[in-house]
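Report on one structure; see the data block that follows.
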Amino acid sequence: MRNQPHKRVLITGGAGFLGSHLCQRLLGDRHDVLCVDNFYTGTKDNIAELLKDPRFELLRHDVTFPLYVEVDEIYNLACPASPIYYQFDPIQTTKTSVHGAINLLGLAKRVKARILQASTSEVYGDPEMHPQRESYWGHVNPIGDRSCYDEGKRCAETLFFDYYRQHRLEIKVARIFNTYGPRMGIGDGRVVSNFIVQALRGDPITIYGDGSQTRSFCYVDDLVAALVLLMGTPADVVGPMNLGNQGEVTVKRLAEMVISLTKSKSKLTYRNLPNDDPTRRCPDISLARERLGWTPNVPLEEGLQRTIEYFRAIAETRPSVEVHGDAR
Ligand code: NAD
Ligand code: UDP
Ligand code: UDP
């Protein structure tokens, strides 16, 4: 990567979990990085180290409003990803995906920038096809609690493909599956952060439903590597492309792994399953293997261990932050 030409890269949602890792990676590759974020779920702590780098620039801005900057590449990651936060203000969530996509596509069109959309496995809804391939159109409730996120992301994909067909924009659409690692929000309610913080505190581990639902967890470094590879592909590679780890585990098994890795005395406790919670999720990543030559290589145990170390440090400095285990 160090031999690649220097670029000006815009990352929306750059102060969030994935965005901050992506900023760090692109600064490491010697690019200029413009991080745009409204700090809804992202934090200044996530990017504090990066602010020391003169190639890094931070702009507080909400992507639902137009943005006029000059850049060569755009990674559009702005959108809350945790159910608790995206359901807190569902209208703003849809606006962020839809108005945000329109503004950034308009920007990409004006400056002739390549643009990548962080889409999601949620476009498949509660899938009837397993594992999920890109050709599957999904099984999504258009009017439920998760719809602001799922349908917002689906509409953003539509806009990307319409700008591609109508204006010949260079687009890349990544469908990201559950990703975890350091800098996940401590109180944002996602399963990996919840279980780790609960285990470290010796609190009950909150399993929603009976814990038989599955997810496939990808470590953040693997995912960021795939996003950068996808951005660098020839113009004919537009996606949508599944990015994730194929190791499928039940939520209950994840809880047991976290208890064992943290050597915690926490017990399992059961809560109601949220509405429309997908029963199974696992990506078919044949396309990414073929077009990116990419395959995730951090095993779940190792990624969890690294994430546990991060939360061990954070939990000690922020003991009062709630984990939202009871919130739904
Ligand atoms: P995150 O909540 O940590 O990051 C999202 C960032 O976007 C935050 O910094 C937030 O403040 C910012 N943001 C939200 N609304 C905004 C707005 N209107 N204007 C500007 N900034 C705004 O979540 P994440 O896990 O880092 O997810 C990043 C992207 O990847 C999201 O688009 C998400 O949908 C997608 N994704 C993530 C996962 C995952 O497992 N982490 C899976 C699928 C898709
Ligand atoms: N836009 C932006 N930055 C730019 C160019 C456009 O935010 O550098 C916004 C603009 O406000 C517009 C949207 O992107 O609402 C879509 O732009 P496009 O040119 O596709 O559509 P139009 O301006 O014709 O509605
Ligand atoms: N989950 C759980 N306990 C928690 C948080 C989440 O059992 O404390 C479950 C949740 O119901 C879902 C899975 O873990 O089945 C993944 O949830 P997350 O919010 O991390 O991601 P998503 O549902 O968007 O895949």
Side-chain angles (χ1 to χ4, degrees), residues 12-22 35-43 46-47 59-70 75-86 92-93 95-97 99-111 113 117-123 146 149 152-153 156 159 163 166-167 169 174-181 183-185 188-195 198 205-209 211-215 217-218 220 223 227 243-244 250-252 254-255 270-274 276-279 281 323-328:
T12 74
F17 160 52
L18 290 182
S20 62
H21 286 273
L22 182 60
C35 166
V36 163
D37 208 295
N38 69 350
F39 296 109
Y40 176 51
T41 51
T43 65
N46 283 345
I47 49 164
L59 179 64
R60 180 193 282 270
H61 172 82
D62 183 325
V63 296
T64 61
F65 296 99
L67 175 66
Y68 287 81
V69 291
E70 310 305 311
Y75 289 85
N76 185 30
L77 271 61
C79 185
S82 154
I84 284 176
Y85 283 108
Y86 71 64
Q92 172 67 9
T93 300
K95 281 187 187 169
T96 294
S97 279
H99 292 188
I102 292 172
N103 287 328
L104 290 153
L105 287 161
L107 168 62
K109 184 178 119 196
R110 181 179 61 79
V111 300
Q117 168 67 358
S119 190
T120 166
S121 51
E122 290 280 327
V123 300
R146 294 175 90 104
Y149 185 72
K153 289 284 188 179
L159 285 160
Y163 270 79
Q166 206 172 322
H167 297 302
L169 247 63
R175 289 186 179 155
I176 302 169
F177 283 64
N178 296 65
T179 302
Y180 70 99
R183 302 199 200 121
M184 294 183 88
D188 85 358
R190 281 187 267 189
V191 67
V192 172
S193 45
N194 267 11
F195 285 3
Q198 289 164 340
I205 306 272
T206 52
I207 295 198
Y208 302 157
S212 64
Q213 70 272 36
T214 69
R215 294 293 187 273
F217 296 98
C218 185
V220 61
L223 198 279
L227 291 178
L243 299 178
T250 64
V251 164
K252 187 164 178 209
L254 178 75
Y270 292 85
R271 300 274 189 275
N272 291 336
L273 190 67
D276 297 331
D277 198 279
T279 355
R281 187 183 288 151
V323 298
H324 290 294
D326 292 324
R328 353 188 226 186

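Atoms within each ligand, like the ligands themselves, are counted from 1 in listed order.
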Please check: side-chain N/O of Asn46 versus main-chain N/O of Ser20, any donor-acceptor pairing under 3.5 Å?
no
Residue-ligand contact Gln92/ligand 1, heavy atom below 4.0 Å
yes
What part of Val63 sits under 4.0 Å from ligand 1 if we count only heavy atoms: the side chain, the backbone, both or neither?
both
Partners meeting side chain to side chain contact (heavy atoms under 4.5 Å, CB included) with Ala255 (sequence neighbours left out)
Phe195, Ile205, Ile207, Leu268
With a heavy-atom distance limit of 4.0 Å, tell me whether Thr206 approaches ligand 3 through its side chain, its backbone, both, or neither.
both
Closer than 4.0 angstrom: is that true for some heavy atom of Gln198 and an atom of ligand 3?
no
Note: Met184, heavy atoms under 4.0 Å from ligand 3, region reported as neither
For a side chain to side chain contact (heavy atoms under 4.5 Å, CB included) with Val191, tell me which candidate from Tyr180, Tyr208, Phe217 qualifies.
Phe217
Could you tell me whether Val191 and ligand 3 have an N or O pair separated by under 3.5 Å?
yes
Find the distance between OG1 (Thr120) and CZ (Phe177) and round it off to the nearest 0.5 Å.
8.0 Å
Heavy-atom distances under 4.0 Å decide this one: backbone, side chain, both or neither, for Ser119 against ligand 1?
backbone
At under 4.0 Å between heavy atoms, which part of Met184 makes contact with ligand 1: side chain, backbone, both or neither?
neither
Lys153 side chain to Ser121 backbone, donor-acceptor under 3.5 Å:
no
Of the side chain and backbone of Lys95, name the one, both, or neither that has a heavy atom under 4.0 Å from an atom of ligand 1.
neither
At under 4.0 Å between heavy atoms, is it the side chain or the backbone of Gln213 that contacts ligand 3, or both, or neither?
side chain
Would you say His61 contacts ligand 1, with heavy atoms under 4.0 Å as the rule?
yes
Would you check ligand 2 and list the protein residues that come within less than 4.0 Å of it by any heavy atom, ordered by chain and number?
Pro66, Leu67, Tyr68, Ile102, Asn103, Gly106, Leu107, Lys109, Arg110, Tyr163
At under 4.0 Å between heavy atoms, what of Val192 touches ligand 3? The answer is neither
May I ask you to decide if Ala78's main-chain N or O and Thr12's side chain share a donor-acceptor pair within less than 3.5 Å?
yes
Under 4.0 Å, heavy-atom basis, I'd like to know which part of Phe39 is in contact with ligand 1: side chain, backbone, both or neither.
backbone
Can you confirm, on distance only, whether ligand 1 has an N/O atom lying under 3.5 Å from any N/O atom belonging to Pro80?
no
Ala101: side chain to side chain contact (heavy atoms under 4.5 Å, CB included) partners, not counting sequence neighbours:
Leu105, Ala156, Leu159, Phe160
Taking side chain to side chain contact (heavy atoms under 4.5 Å, CB included) as the test, write out the residues that go with Thr64, two or more places apart.
Asp62, Gln92, Lys95, Thr96, His99
Measure Arg271 to ligand 3 on non-hydrogen atoms and call it side chain, backbone, both or neither using the 4.0 Å cut-off.
neither
Would you confirm whether Arg110, through its side chain, and Val69, through its main-chain N or O, come within 3.5 Å as a donor-acceptor pair?
yes
Answer yes or no for Leu77: is there a heavy-atom contact with ligand 1 below 4.0 Å?
yes
